[in-house]
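First comes the structure, then the notes that go with it.
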Amino acid sequence: MSNTTSQPVRVRFAPSPTGLLHIGGMRSALFNWLWARHNGGVFVLRLEDTDRTRLVEGAAEQIYASHDALGITPDEGPVQGGAYGPYVQSERLDLYREHADRLLAGGALYRCWCTPERLDALRQTAQKAGQAFKYDRHCLQPGNQGDPAAPHVLRFMIPDAPATVGWDDAVRGHLEVASRELDDFVALKADGFPTYHLANVIDDHLMAISHVMRADEWLPSTPKHLLLFAAFAWEPPIYAHLPAVLGPTGNKKLSKRDGAKSVTEYLEEGYLPEALRSFLASLGWNDGSTQEVYTTPELITNFTLDRVQKSPAKFDQERLMWLNGVMMRQYAPSELLPRLEGWWPPAAANAPASYRLAVLGLVQERLKTLAELPELTDFFFTDPTPPAGLEHADWLPQIAATLESSNFTEADLETRLRALANTLDAKPGQLFGLIRQAITGRTAAPGLFETLHVLGHGVSLRRLQAASTG
């Protein structure tokens, strides 16, 4: 199978609404979206909901919301519509039945009436013998065939030729599997719903999908899909199997404990969508440079399949937080300010935008997530409780007197307070630390002169007075 195509690039992300979509699944969606954007192609969202017993209420809506939240809204899908719909598999049952009948008539599919009890017995026998289970084609024998009107499944007959099924994976190179290792899998279930294999192939063809980019856990399914494409006499898409996303230790699949949360959960924790995009792109892709932070336009320009890595990627929560902080600092305060609505402490609600902008300018360098904003800024909006037992608290009246006539520019504040330190024969660090605790209630805060300047004359003197009498 060739690794190139003359088709317009059309890719799809096809999750099952059998649970909430976490960050590992969104990495696959992002790679598909980037490849579509890189090629001026189309990104399709398709819901594969044929496993009716495992559907989770609200999962489909969460999938849609996750794409929108990450900023990779599909071009076609259940919400957007499109010329190749419907985009929910349970709404395409007539198509699957029609194509299954076609393969049944041609001999590629056959009816199977075997009971679950018989199949379980076959599996147990294979397990005891240390062999992989393979259906024994019992129902192909004339004496074992049942009534076509009775409940049955349709199985795909693995052909004897070719002896191997091979393809050129866009990520992993040439791969092949011996046909004798494949089982006659169920293509259409007794309830009329297709299995993943049949629906997947029919949909990829009818939706003109050019590249199938999916997690490497689907590698064992690819030979079956290629044989289905051949049975229909259809050209298969290019396959690209993406590396797994592991937890930070690198020895197990990413779990909830390691950070396998949803996109919306990360946004609610104060991460920027563009930071999540840059971070997720790094999980299994590198453009060959030492660059660590990418804007979304840079990702679109640089993303190619030949730079997707084969080895698993490690999810590093600390790196995500670092990257988020870096991206927040790349914005001018005036650009970041509109993104902070809803993150300020409650007391900031009535503060002028100009004041909030000045406060942001002091703390932006320290922010790693938007959720840290209240803790870092609350004292700018609410007088702190005067600390008890301040060392050298007897200096506070002199400090207040020194600042009474200041114009509260940073330069004037620094000049006056350094001169006062000399007068008191105090170390600047001692004096400045006392003032910082008195006006912020903390031992660590933004630069003292900058903080005093933003708080202003009245607030600063009021807090010094409260601390000296407290």
Side-chain angles (χ1 to χ4, degrees), residues 69 259 261-276 317-318 320-390 393 396 399-400 403 406 408-410 413 432-470:
K261 294 177 284 192
S262 70
V263 169
T264 49
E265 285 178 294
Y266 277 104
L267 296 178
E268 289 167 357
E269 292 175 5
Y271 291 90
L272 301 174
E274 55 269 42
L276 285 171
Q317 179 79 39
E318 291 185 4
L320 171 58
M321 184 174 290
W322 167 83
L323 189 151
N324 195 65
V326 170
M327 297 200 83
M328 286 199 293
R329 291 188 288 275
Q330 289 180 345
Y331 288 103
S334 59
E335 294 176 313
L336 186 59
L337 184 64
R339 310 282 293 272
L340 297 177
E341 291 299 324
W343 292 103
W344 291 99
N350 298 321
S354 58
Y355 183 70
R356 280 180 282 157
L357 181 62
V359 171
L360 176 59
L362 297 188
V363 301
Q364 186 172 355
E365 285 295 316
R366 298 174 62 193
L367 281 173
K368 296 185 291 293
T369 71
L370 301 179
E372 294 176 335
L373 188 66
E375 182 181 356
L376 292 177
T377 64
D378 57 358
F379 63 85
F380 282 103
F381 305 97
T382 305
D383 286 354
T385 301
L390 283 175
L396 289 170
I399 295 169
L403 298 184
S406 173
F408 266 71
T409 62
E410 294 173 23
L413 289 164
F432 299 166
L434 171 65
I435 300 171
R436 179 176 290 107
Q437 290 185 70
I439 65 170
T440 71
R442 304 179 181 193
T443 56
L448 177 62
F449 312 121
E450 295 92 333
T451 299
L452 286 166
H453 169 69
V454 169
L455 285 171
H457 184 279
V459 172
S460 297
L461 291 180
R462 183 179 72 236
R463 294 183 181 184
L464 287 169
Q465 176 66 24
S468 67
T469 59

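Because the structure is predicted, anything quoted here is derived from the model rather than measured. All residue numbers in this chain count up from 1 along the given sequence.
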Run the numbers on N324 and L276 for side-chain contact (heavy atoms from CB on, under 4.5 Å), then give the verdict.
-> CA-CA 8 Å; N324 195 65; L276 285 171; over 6 Å; no

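- A salt bridge links E274 with R339: at least one charged nitrogen is closer than 4.0 Å to a carboxylate oxygen.
- G441 and P384 get closest at one heavy-atom pair: N-CG, 3.8 Å.
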Could you walk me through whether Y271 and V263 pass side-chain contact (heavy atoms from CB on, under 4.5 Å), step by step?
-> CA-CA 9 Å; Y271 291 90; V263 169; over 6 Å; no

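- The side-chain heavy atoms of I399 and L434, taken from C-beta on, include a pair separated by under 4.5 Å.
- Applying the side chain to side chain donor-acceptor pair (under 3.5 Å) test to pairs two or more places apart or on separate chains, those with a residue in residues 433-443 are D378-R442.
- In this structure the side chain of F449 never reaches within 4.5 angstrom of the side chain of T409, judged on heavy atoms.
- Atoms CG and CZ, on L360 and F380 in that order, are 10.5 Å from each other to the nearest 0.5 Å.
- Note that CH2 of W343 and CG of L373 are 9.5 Å apart. Values are rounded to the nearest 0.5 Å.
- For the atom pair L357 CG and L336 CG, the distance stands at 10.0 Å (nearest 0.5 Å).
- Annotation: the span from T369 atom OG1 to L267 atom CG amounts to 11.5 Å, rounded to 0.5 Å.
- The heavy-atom pair separating G456 from F408 by the smallest distance is O-CE2, 3.6 Å.
- One distance of note links CG of L455 with CD of E450; it measures 11.5 Å at 0.5 Å rounding.
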Apply side-chain contact (heavy atoms from CB on, under 4.5 Å) to L272 and Y331, showing your working.
-> CA-CA 12 Å; L272 301 174; Y331 288 103; 4.2 Å; yes

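- With hydrogens and angles disregarded, a donor-acceptor distance shorter than 3.5 Å links the side chain of Q364 to the backbone of M328.
- Across all non-hydrogen atoms, the minimal contact from P374 to P345 is CA-CD, 3.8 Å.
- When each of H457, R463, Q465 is checked for a side-chain contact (heavy atoms from CB on, under 4.5 Å) with L461, only H457 meets the rule.
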Check the pair L448, I439 against side-chain contact (heavy atoms from CB on, under 4.5 Å), reporting the backbone distance first and the verdict last.
-> CA-CA 10 Å; L448 177 62; I439 65 170; 4.1 Å; yes

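- What you find for G361 and P333 is that their closest heavy atoms are CA-CG, 4.3 Å.
- Interatomic distance, CG of L452 versus CG of L464, reported as 7.5 Å (0.5 Å rounding).
- Remark: E372 engages K368 in a salt bridge (charged side-chain N to carboxylate O under 4.0 Å, His left out) (not counting sequence neighbours).
- Of the charged side-chain nitrogens involved, at least one lies within less than 4.0 Å of a carboxylate oxygen, so that R356 and E341 count as a salt-bridged pair.
- Taking every heavy atom of both residues into account, Y266 and Q317 meet most closely at OH-OE1, 3.3 Å.
- The side-chain contact (heavy atoms from CB on, under 4.5 Å) check on R329 picks up V326, E365, with sequence neighbours excluded.
- Contact between A275 and L320 at its shortest, heavy atoms only, is O-CD1, 4.4 Å.
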